[in-house]
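Comments concern the structure below.
Note that this is a predicted model, so its numbers are computed, not measured. Only this structure's heavy atoms are used, side chains among them; waters, hydrogens and symmetry mates stay out.
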Amino acid sequence: MRATTHMKRRSDGRISIKSGNQVQLILQLTILILTVLTVIAFLFFDYTGLDIQRAIQETTYNLQVMFLEPALSHFGWGEAIYQVGITLGLAFLSTILGAVLSFFLALTAATNLTNEWITKIVRIFLAFIRAVPTVLWVLIFAIAAGLGSEAAVLGMLFHSIAYLVKAFSEAFEEVDKGIIEALRATGAGWWHIVVHAILPSTFTYLMSWTFLRFEINFAVAVAMGAAAGAGGIGFELFMASSFYFDLREVGMITYMILVLAIVLEVISTLLKNRYFPASMKN
């Protein structure tokens, strides 16, 4: 990679030099540091009693049983479909509620629709929420409200709002300023501008981001089924792996989750190709 340097003449006549590869340099240093730390960690491992050949054989056997001999042992297909429905329901509920609340909050976070100080307050608050992982929010609500689906929905909802508000507000800010100014010139109020300019121009973007968040929430709902006791197929996966030690059932549940994730991705792609603008496909 060849470094690029930009030279710019300052107002006092001197020439300042800006490096064009600062980001690449920081990235390379980060990767190097992480690589060194990984190697050091392996050097400090306790390898006492480790039989590499036996470990490889047992791991290969476990993977073979898990993925080549999948089977349901402790519940039937009807119960499996029901548990998958619970997981989808958790993801759907948190996504829909998050999208509705995010739409109104995003109106206050967009610089072209709201006062600057309100925008800064909303963005700082949501940046703090977004910085905390979804799993941690679920566990926080699990402590406050108790284990169950309520904690999972609240945790996913909290993080979904912070995620979607950022995406929605950026879409609102991309609306042509000329349209907004023309409506204001005709005496249109703030809500009329939202309804007749913002929403029609960004609707497809909002739908795309919402469906993307739904896919994320589905994956989180699977994990939270075990971690927060929310139920669903994630809880069955936890029971099969940690309680029953049934590798065949773990493999079958994994395949079910994988197939459902692929179906969601296919639906997302079809919707994007049919309804969303070309700019959203990139």
Between atom [atom1] of [X] and atom [atom2] of [Y], what is the distance when rounded to the nearest 0.5 Å?
X	Y	atom1	atom2	answer
Phe75	Ile253	CZ	CD1	4.0 Å
Leu264	Ile216	CG	CD1	12.0 Å
Leu37	Leu32	CG	CG	9.5 Å
Leu157	Ile96	CG	CD1	11.5 Å
Ile140	Phe158	CD1	CZ	9.0 Å
Phe214	Ser94	CZ	OG	8.5 Å

| said: Using a 6.0 Å distance limit plus a 45 degree cone around the ring axis, check whether Arg130 lies over the aromatic ring of Tyr163. | reply: no
Name each donor-acceptor pair under 3.5 Å that joins a side chain in residues 165-172 to protein atoms two or more places apart or in another chain, with its distance.
{"unit_1": "Lys166", "atom_1": "NZ", "unit_2": "Glu170", "atom_2": "OE2", "d": "3.0"}
{"unit_1": "Ser169", "atom_1": "OG", "unit_2": "Val165", "atom_2": "O", "d": "2.8"}
{"unit_1": "Ser169", "atom_1": "OG", "unit_2": "Lys166", "atom_2": "O", "d": "3.0"}

For residues [X] and [Y], report the shortest heavy-atom separation together with the two atoms involved.
X	Y	result
Val138	Gly155	CG2-CA, 3.8 Å
Ile31	Thr35	O-OG1, 2.7 Å
Ala240	Glu249	CB-OE1, 3.4 Å
Ala221	Leu90	CB-CB, 4.3 Å
Arg213	His159	NH2-ND1, 3.4 Å

| message | Tell me if the aromatic rings of Phe45 and Phe42 count as close, with their centers under 6.0 Å from one another. | response |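 Judged by ring-centre distance (under 6.0 Å), Phe45 and Phe42 do meet the cut-off.
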| side-chain contact (heavy atoms from CB on, under 4.5 Å) between Met252 and Trp77: does it pass, once the steps are laid out? | CA-CA 11 Å; Met252 178 60 73; Trp77 282 102; 3.7 Å; yes
Cluster overlap [X] with [Y], hydrophobic side-chain contacts below 4.5 Å:
X	Y	value
Tyr82	Leu93	yes
Leu258	Val266	yes
Leu199	Ile180	yes
Ile257	Val135	no
Leu136	Ile143	no

Does a side-chain heavy-atom distance below 4.5 Å link [X] with [Y]?
X	Y	value
Leu105	Leu164	no
Leu260	Glu265	no
Gln83	Met256	no
Trp117	Val122	no
Ile233	Leu237	no
Arg248	Pro70	no
Thr119	Thr108	no
Val153	Phe141	no

Any donor and acceptor pair, going by atom type alone, linking the side chain of [X] with main-chain N or O of [Y] inside 3.5 Å?
X	Y	result
Ser241	Phe238	yes
Ser160	Asn217	no
Glu173	Thr111	yes
Asn115	Ile118	no

Only pairs under 3.5 Å count here: list side-chain donor-acceptor contacts from residues 185-196, not counting sequence neighbours, and write none if there are none.
{"unit_1": "Thr186", "atom_1": "OG1", "unit_2": "Leu183", "atom_2": "O", "d": "2.6"}
{"unit_1": "Trp190", "atom_1": "NE1", "unit_2": "Leu113", "atom_2": "O", "d": "2.9"}

| request: Can you sort out the partners of Glu58 under side chain to side chain donor-acceptor pair (under 3.5 Å), two or more places apart, ordered by chain and number? | output: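 Only Arg54 meet the side chain to side chain donor-acceptor pair (under 3.5 Å) criterion with Glu58.
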Heavy atoms of other groups near [X] [atom1], more than 12 under 6.0 Å:
X	atom1	result
Glu174	CD	no
Phe92	CZ	no
Tyr255	OH	yes

| Just checking, any donor-acceptor pair under 3.5 angstrom between side chains of Asp176 and Ser201? | no
| request: Report the C-alpha distance between Met239 and His74 in whole Å, list the side-chain angles of each, state the deciding distance to 0.1 Å, and finish with yes or no for side-chain contact (heavy atoms from CB on, under 4.5 Å). | output: CA-CA 10 Å; Met239 293 295 291; His74 298 87; over 6 Å; no
| field | Criterion side-chain contact (heavy atoms from CB on, under 4.5 Å) on Trp137 and Ile129, from CA distance to verdict | value | CA-CA 9 Å; Trp137 280 120; Ile129 297 176; 3.8 Å; yes
| Ile86 vs Phe235, side-chain contact (heavy atoms from CB on, under 4.5 Å): CA-CA, chis, key distance, verdict | CA-CA 11 Å; Ile86 291 178; Phe235 180 75; over 6 Å; no
